[in-house]
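Please read these numbers as outputs of a predicted model, since none were measured by experiment.
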Amino acid sequence: MQAALKLAQRGIGSVEPNPVVGCIIVKAGRVIGRGWHKKFGAAHAEINALEDCRTLSVSPRGATMYVSLEPCCHYAKTPPCTDAIIDAGLAKVVVATIDPSAHANGKGIEQLRDAGIEVQVGVCETQARLLNAPFIKFAATGKCWVILKWAQSIDGKVAWADQSDERRWISGEQSRKDVQKLRRRAGAILVGIGTVLADNPLLTARPSKGKKLTRIVLDSKLRIPLDCELLATAKKIPLLIATSRRTAQTNPERVEQVTQKGAEMLIFPDTQGQSNLHFLLDDLSRRGIAQLLVEGGPTVISSFLREGLADEICVYIAPKILGRQGAVDIAGPMRELTDAVGLHCVDIKNFDGDVRIRGLSKKTLDELSITEG
């Protein structure tokens, strides 16, 4: 199963919003087939592993399959994997964790057992649920997974106060390449209007590998420049501008100018008891966006932290000290030390001197019934 989980990781950034899945087939003590889900809409891991057996001219009949997620039993972009497993004559299937989707949720396991196949569930379950935590959250709750990402210096500075001159990167090239992997995972990317005004970004994954992120800008006063890169590409790549009801009502001409460029407007209502960010996340979830990458500046990041909306936090720390003058940090989101945001299931990697720290929130782990081990 560890080998299956490792294979599954190869699909990260290519299969979303589907889950990443790996599969190993073993017969007479040796591996006879390997497979993973390689691309959204393409064959699933189990099918690829069975095809690998055929390539090696080895029959899978009587073998044991190890798969990191419950095999599907419904028709979608591909036929049910359970049918292929039954037809292949496997004797046993070991499943890491159940797929909580409405069309699955144990139905695939039941179908295999009804066909006389022995099924074991729960091997490396925690690792499997962590690997597919964004998918599991969306499948079980219908709510999108929120990733907060930023780069900072050792002394916690995330940007220069004055960016009128040449762009100053805090993180290195390898870190920025790693960020593109985050973008390919996500269904949408969000920034504040400050980032748009300062950087004029395109907000795409590079290389895209065919992925078109929905770009989102929080712009309460509708200050987005009509000649910016985002609006220039809005008719080809989805762009959502979130603004206040008051701005939309008092500036209908501006709204029309922006929408004529191809952008969609999301008008925040005058709500009581629910913030604009909650409204936004509910709207994105209804659109089927399973993962949101927040790349905003200090104000946007702080807002998500204050409201406890982050599922995953990814910070790139560069070996630089910027000092106080001329640099800004994330505004203190908590009033007390006891309110500090703690990271769990922490993963640390080095990128040519930069250190990436990635972890999950305790609230998220509790919601998904994942025990940190």
> Looking at S171 and R176, what are the two nearest heavy atoms and their distance?
Replying inline: O-NH1, 2.7 Å
> Do NZ/NE/NH1/NH2 and the carboxylate oxygens of R215 and E264 come within less than 4.0 Å?
Replying inline: no
> What pair of heavy atoms forms the shortest contact from E46 to C23, and how long is it?
Replying inline: CA-SG, 4.0 Å
> Does N251 offer a backbone N or O that forms a donor-acceptor pair with the side chain of E256 under 3.5 Å?
Replying inline: no
>> Counting C-beta onward and ignoring hydrogens, is there a side-chain heavy-atom pair between L222 and D219 closer than 4.5 Å?
In response: yes
> Side chains of V315 and W150: closer than 4.5 Å at any heavy-atom pair?
Replying inline: yes
> Do the side chains of P269 and F279 get nearer than 4.5 Å, heavy atoms only?
Replying inline: yes
>> Set out, in order, the CA-CA distance, both residues' side-chain angles and the distance that settles salt bridge (charged side-chain N to carboxylate O under 4.0 Å, His left out) for D282 and R286, then state yes or no.
In response: CA-CA 6 Å; D282 287 345; R286 285 192 294 270; 5.2 Å; no
>> On a heavy-atom basis, which atom in R129 and which in T97 lie closest, and how many Å separate them?
In response: CG-OG1, 3.4 Å
>> Classify the ring geometry of F351 against Y316: parallel below 30°, tilted from 30° to 60°, perpendicular beyond 60°.
In response: tilted
> Any luck finding a side-chain donor-acceptor pair between S302 and T299 under 3.5 Å?
Replying inline: no
>> A side-chain contact here means heavy atoms from C-beta on lying under 4.5 Å apart; do R183 and L293 qualify?
In response: yes
> Is there a side-chain contact between Y66 and V31, using heavy atoms and a 4.5 Å cut-off?
Replying inline: no
>> If I take atom CG from residue L197 and atom SG from residue C228, how far apart are they, to the nearest 0.5 angstrom?
In response: 8.5 Å
>> Determine whether V191 and V217 satisfy the following criterion, side-chain contact (heavy atoms from CB on, under 4.5 Å), listing intermediate values before the conclusion.
In response: CA-CA 5 Å; V191 298; V217 180; 4.3 Å; yes
> Hey, does C81 have a side-chain heavy atom less than 4.5 Å from the side chain of I47?
Replying inline: yes
>> As an exercise, state the distance from CD1 of I136 to CD1 of I370, rounded to the nearest 0.5 Å.
In response: 6.0 Å
>> One pair to check against side-chain contact (heavy atoms from CB on, under 4.5 Å): Q127 and L130. What are the steps and the verdict?
In response: CA-CA 5 Å; Q127 290 170 267; L130 282 172; 5.8 Å; no
> Under 3.5 Å, is there a donor-acceptor pair between the side chain of K27 and the main chain of S59?
Replying inline: yes
>> As an exercise, state the distance from CG of D352 to NZ of K177, rounded to the nearest 0.5 Å.
In response: 10.0 Å
> M65 and side chain to side chain contact (heavy atoms under 4.5 Å, CB included): which partner among I117, L112, L90?
Replying inline: L90
> Is it true that atom NZ of K362 has more than 12 heavy atoms of other residues, nucleotides or ligands lying nearer than 6.0 Å?
Replying inline: no
> Closest heavy-atom contact between E229 and N200?
Replying inline: N-OD1, 2.9 Å
> Are Q111 and D83 linked by a side-chain donor-acceptor pair shorter than 3.5 Å?
Replying inline: yes
>> Between S361 and L343, is there a side-chain heavy-atom distance shorter than 4.5 Å?
In response: no
> Does the pair R184 and L213 meet the rule for a side-chain contact (heavy atoms from CB on, under 4.5 Å), with working shown?
Replying inline: CA-CA 8 Å; R184 285 192 291 273; L213 288 164; over 6 Å; no
> Does NZ in K211 sit with more than 12 non-hydrogen atoms of other residues, nucleotides or ligands closer than 6.0 Å?
Replying inline: yes
> Is any NZ, NE, NH1 or NH2 atom of the basic residue among R113 and E110 found under 4.0 Å from an Asp or Glu carboxylate oxygen of the other?
Replying inline: no
> Is E312 salt-bridged to K149, cutoff N-O under 4.0 Å?
Replying inline: no
> When rounded to the nearest 0.5 angstrom, what distance separates CG in L360 from CG in D311?
Replying inline: 8.0 Å
>> I'd like to know if the side chain of E253 pairs up with that of Q257 as donor and acceptor (distance under 3.5 Å, no hydrogens or angles considered).
In response: no
> Considering all heavy atoms of both residues, which atom of S68 and which atom of A96 are nearest to each other, and what is their separation?
Replying inline: O-CB, 3.3 Å
>> Testing the basics here: between F135 and N18, what is the closest heavy-atom pair and its distance to 0.1 Å?
In response: CD1-C, 4.2 Å
>> Would you say CZ of R246 has more than 12 non-hydrogen atoms from neighbouring residues, nucleotides or ligands within 6.0 angstrom?
In response: no
> Within 45° of the axis and under 6.0 Å from the centre of the six-membered ring of W36, does NZ or CZ of K38 qualify?
Replying inline: yes
